[in-house]
Amino acid sequence: MSDEKPTESAIDSSAGSLPKAYDPSIIEQRWADYWVQERLFDVPPPNERVPSRPTGGPREALKEGVNPFTILLPPPNVTGRLHMGHMLNQTEMDILTRWHRMRGETALWVPGTDHAGIATQTMVERQLAEEGSSRKQLSRDAFIARVWKWKQQYGSAITEQMKRLGASVDWSREYFTMDDRLSIAVKEAFIRLWEQDLIYRGAYIVNWDPQLQTAVSDLEVENEERAGHLYHIRYPLADGGALSPDSPDSIVVATTRPETMLGDTAIAVNPIDERYKNLIGKLVALPLSSVSGGPAREIPILADDWANPEFGTGAVKVTPAHDPNDFAIGQRHSLPQLNIFDETAHVNLPGSPYHGLDRFAARKRILADLEAAGLLVAVKDHTLTLPISQRTGVVIEPRLSMQWFLAVNKSPAKTGTESGAPSFRGAEGGVPQNSIAANAIAAVRDGHIRFTPDNYTKIYNQWMTNIHDWCISRQLWWGHRIPAWHCGKCAAITVARDTPTACGTCGSADIEQSTDVLDTWFSSGLLPFTAFGWPGDPLAPETTKLTADLAAFYPTSLLVTGFDILFFWVARMIMLSTHFMLDVPMRDGAGGLRPRTLAEAVPFNAVYIHALVRDANREKMSKMKGNVIDPIEIITKYGTDAVRFTLASQASPGTDIAFNEARTEGYRAFANKIWNAARFLFMNLDRAREAGYNVKLSHNGVISTGAAGGVERPPNFSSAPTELPDHTPLETRWIFARLSLVSGEVARSLADYRFDEAANAIYQFFWGEFCDWYLELVKLRLNFDIPNNDDTAITLASLTSVFEAALRLLSPFMPFLTEEIWHALYAGTPPAKSIALTRYPQASDFPSSELTIAAMDTLQELITTIRALRKELSVPEKEATPIALHAGARVLALTGAHADMLGRLARVSAIEFSNEQLTGNNARSTPNFDVAVVYERQIDVAAERERLTKDLARHEKVLTANEARLADEKFIGKAPAHIVEGLRKQTAETRTLYDKTKTALDALG
RNA sequence: GGGCGGUUAGCUCAGUUGGUUAGAGCGCCUGCCUUACAAGCAGGAUGUCGGGGGUUCGAGUCCCUCACUGCCCACCA
């Protein structure tokens, strides 16, 4: 089955050929393959006529049009396996993308994968370890070749999984962040930043992961509170301190990390601290610092405000090479920086007894030695926050090392190296400083980027305002190697686009490329523009570097992502994109170019941040806990559509999703329901054909017939409301009206990222209204025994039309099921290659009338009331009974005209109209009518009394409350008229119900 | 140390700018194999909206406070 071509397997619309139960496993893979093979969602390269994207809020998207909708897939790690977070993320993006596409917009969703420096390198290193080899045993080039081989072999796993989800991405534009094209762009970005003097190299304290043996950024460090100790250590004064008898001969410092004392180069006390005032300037003999049996190192006691007299002993040891604060003190006092650890955090002090010890072993030894020397004064319990490497879980070792940094709070220097390039930057006012961070702040502050939920605006601002320079170098092998060459002779740095042969400063040929690579987030931060071809043809003049894709699709419309990468990625994209894109000109519409504004330089106009997918008990999923739900597993069990719908129906902004399989089971049932509704329809279409009806499907929902979703759209995109013949039955008018309203609701919800509301509206419509009511009612009309019956013809046409439209409405949420049925409906000759290329139902597509809805509401209420009464009276399901009805003229007329509905749906055999109120124990009252079921059967008096008593109490409560309010002059005076009027009406109705209930209760005796 | 959320039916969650009797799905109870569907149909029960106070004609919704709970940021040895 699955190897058949979909168009051929699209079954004839005969109920007999649809299996009774819906089985997603036999259709989903087939359509997933079909969408990819047919390149249905590829967007052809834009031409000059592509209109540029107007800026506007999400509401703007409600208008139909041909604007591009562009969205970038957050690239998963190439080593990754799909998890529930991906699935939520992609479901949301796919719903929106399919929705926009079906609205006639050019919907471009660009997929890709991230080379994920650390993750990938670690994975391959692990593989090597299993083979008894290691990265260092291979050469750098051999190792990188090995990673590429791995990528070739396994790198497509995650994208293959994506295809299974039905993600409607443009595979022709798929990228990998280490592709040649993107590597060139990354290099170019680095070089320009260097030329603008925004990248610098320097020795600073960085977060060092001793396991990975690389620097990591602040963001890659998690702070964990742990119980630890504060050690008070005595440092003797070098001169013995015998200045005067009461003068101390030592100073006691407090530290949590005694092993770092080997790197101490000073002791700091606060200048206002009276205890130590006369020690300032003295030297101490650093204990345990003797190398090869030599004398102890002597270090000064100095005054620095950093020392807090309240904390510990008020004296702090200063280790400039291993603590950021100490580093700062060192800078202020020109202290030497003594790096005592190697890159694996083992003591690196040849000649010292601690040489070669791991940092924790060194701590133990040092504490023991201090104790033995009587220098360990006190050990106090102390909770400290330990920096933990996110990637490896090991304790981060702050370490002085040479790294590359991106200056984020600095204005770019004029480049000068670009050949006469005109600067398009900064034409807009309002950006005070033009630094990377300032632009990133302005972009959000000025509303060019909107966050949903909007509280992330604040979080973003807070972070961006306090941002530090970004350490962008990593001591890894897998990644974008920094295009800088160090000179062996003069030590100068040569940064160049093409591999240089000589030092740019002294001309020496003794140059070597930096061994560092760039932080993965540096390259992914460039994606919003590099994915569209930036920087373009490097040989072309600067002003024409606007690639066609960039011109057509930048800025992207939306970014959908999780809050966990808000700073890692979202913020970096805003920083880097605004910075670089301000220099890329805009088409001015008259064939020329003009500077780009900040609004046009932002990477996206909106950011939708979704929550976490948790397990059914709201626990965070983790491998350790073993509660990780594998999307592929759950999809195999319930079908992709059901899982997608589960996620969508719970995806309300700002709330985590507790993924509950029971719910997915419910949505599989929903899919099955629709499947069976289709079977019902097909069965009737068959009957109609057999009875000689001319069954022809209109193609009015189709917006594209030929090529894949291109930029061009057929002119007949808009569709006029379906015209209903005069004698169209009520239920058909009603279902069209409901479809219209629901279509409107769905559009409004999706525009606000309310996937839950949209999904629930469709669910309720499809099941609660179309299936539960409409399908039951059409059974009254479909009468194939009578040839050329008007009711039958109109109803069948409407039924088909509504069902087809409802499928389109549902298709962004359940693309597989709807595709399958839609193709089946057209019996192998569909008007488009996919339902995804048809028009999305709009409220204005269908005739709608409030009167129709009100009429059906009344009939539904009547039917429901009769059903309840029958149940209460224990009328056997199959037995029809007469009813008595007391009501106003409108309801009576309505009931008279639709007695057949009551017969079918409430098993009413006859209707007796009554002039009297009906209050017997076989009767029920609503504000619109009294109805009684005529059935001779002793009712359960006790149960009836209980029910009536309860009702009475409820009515009474309402009456008391309402009457009190209506008697309140302040309420009458201040509340708006429609509220008062509504309350009056409700009170009157409740009064009537109360009276009737009272009478009925009294009648029970 | 700062900052941000959450608390509504047994469970998971909705509840628009305050406005007439607070909803959904699942679960639960009862009755039905009614030829699209038992993955179904019909009916039913279930809430002092975390506690307290305030503003208001009117509060699940706004303000204060307390409790519990989750998260983010932060260079105090």
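The chains referred to below are lettered A, B, ... by the order of the sequence lines, with proteins before strands, and numbering in each begins at 1. All of these numbers come straight from a predicted model, not from anything done at the bench.
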*Donor/acceptor link under 3.5 angstrom from Lys673(A) side chain onto base of C37(B)*: yes

For nucleotides 54-60 of chain B, list the nitrogen or oxygen atoms of the protein found under 3.5 Å from its nitrogen or oxygen atoms, one pair per line.
residue : atom : partner   : partner atom : Å
C57(B)  : OP1  : Lys974(A) : NZ           : 2.0

*Does C11(B) have OP1 or OP2 sitting under 4.0 Å from an N or O in the side chain of Asn660(A)?*
no

*For A42(B), take OP1 and OP2 only and decide whether either is under 4.0 Å from a side-chain N or O of Lys871(A).*
no

*Would you mind telling me which of A77(B), G25(B), C4(B) lies closest to the side-chain atoms of His382(A)?*
A77(B)

*Looking only at heavy atoms, what is the nearest atom pair of Thr260(A) and His322(A), with distance?*
CG2-CB, 4.5 Å

*Taking only the side-chain nitrogens and oxygens of Trp767(A), find out if one of them lies under 4.0 Å from OP1 or OP2 of C41(B).*
yes

*Could you give the CG-to-C1' distance, from Asp756(A) to U12(B), as a whole number of Å?*
13 Å

_Nucleotide of C76(B), C37(B), U21(B) approaching Asn676(A) most closely (side-chain heavy atoms)_ = C37(B)

_Phe567(A)-Tyr460(A) aromatic ring centre distance below 6.0 Å_ = no

*For A36(B), does OP1 or OP2 lie under 4.0 Å from any side-chain N or O of Lys779(A)?*
yes

_As a test of understanding, state which of Thr255(A), Asp264(A), Asn325(A) forms a side chain to side chain donor-acceptor pair (under 3.5 Å) with Thr319(A)._
Asp264(A)

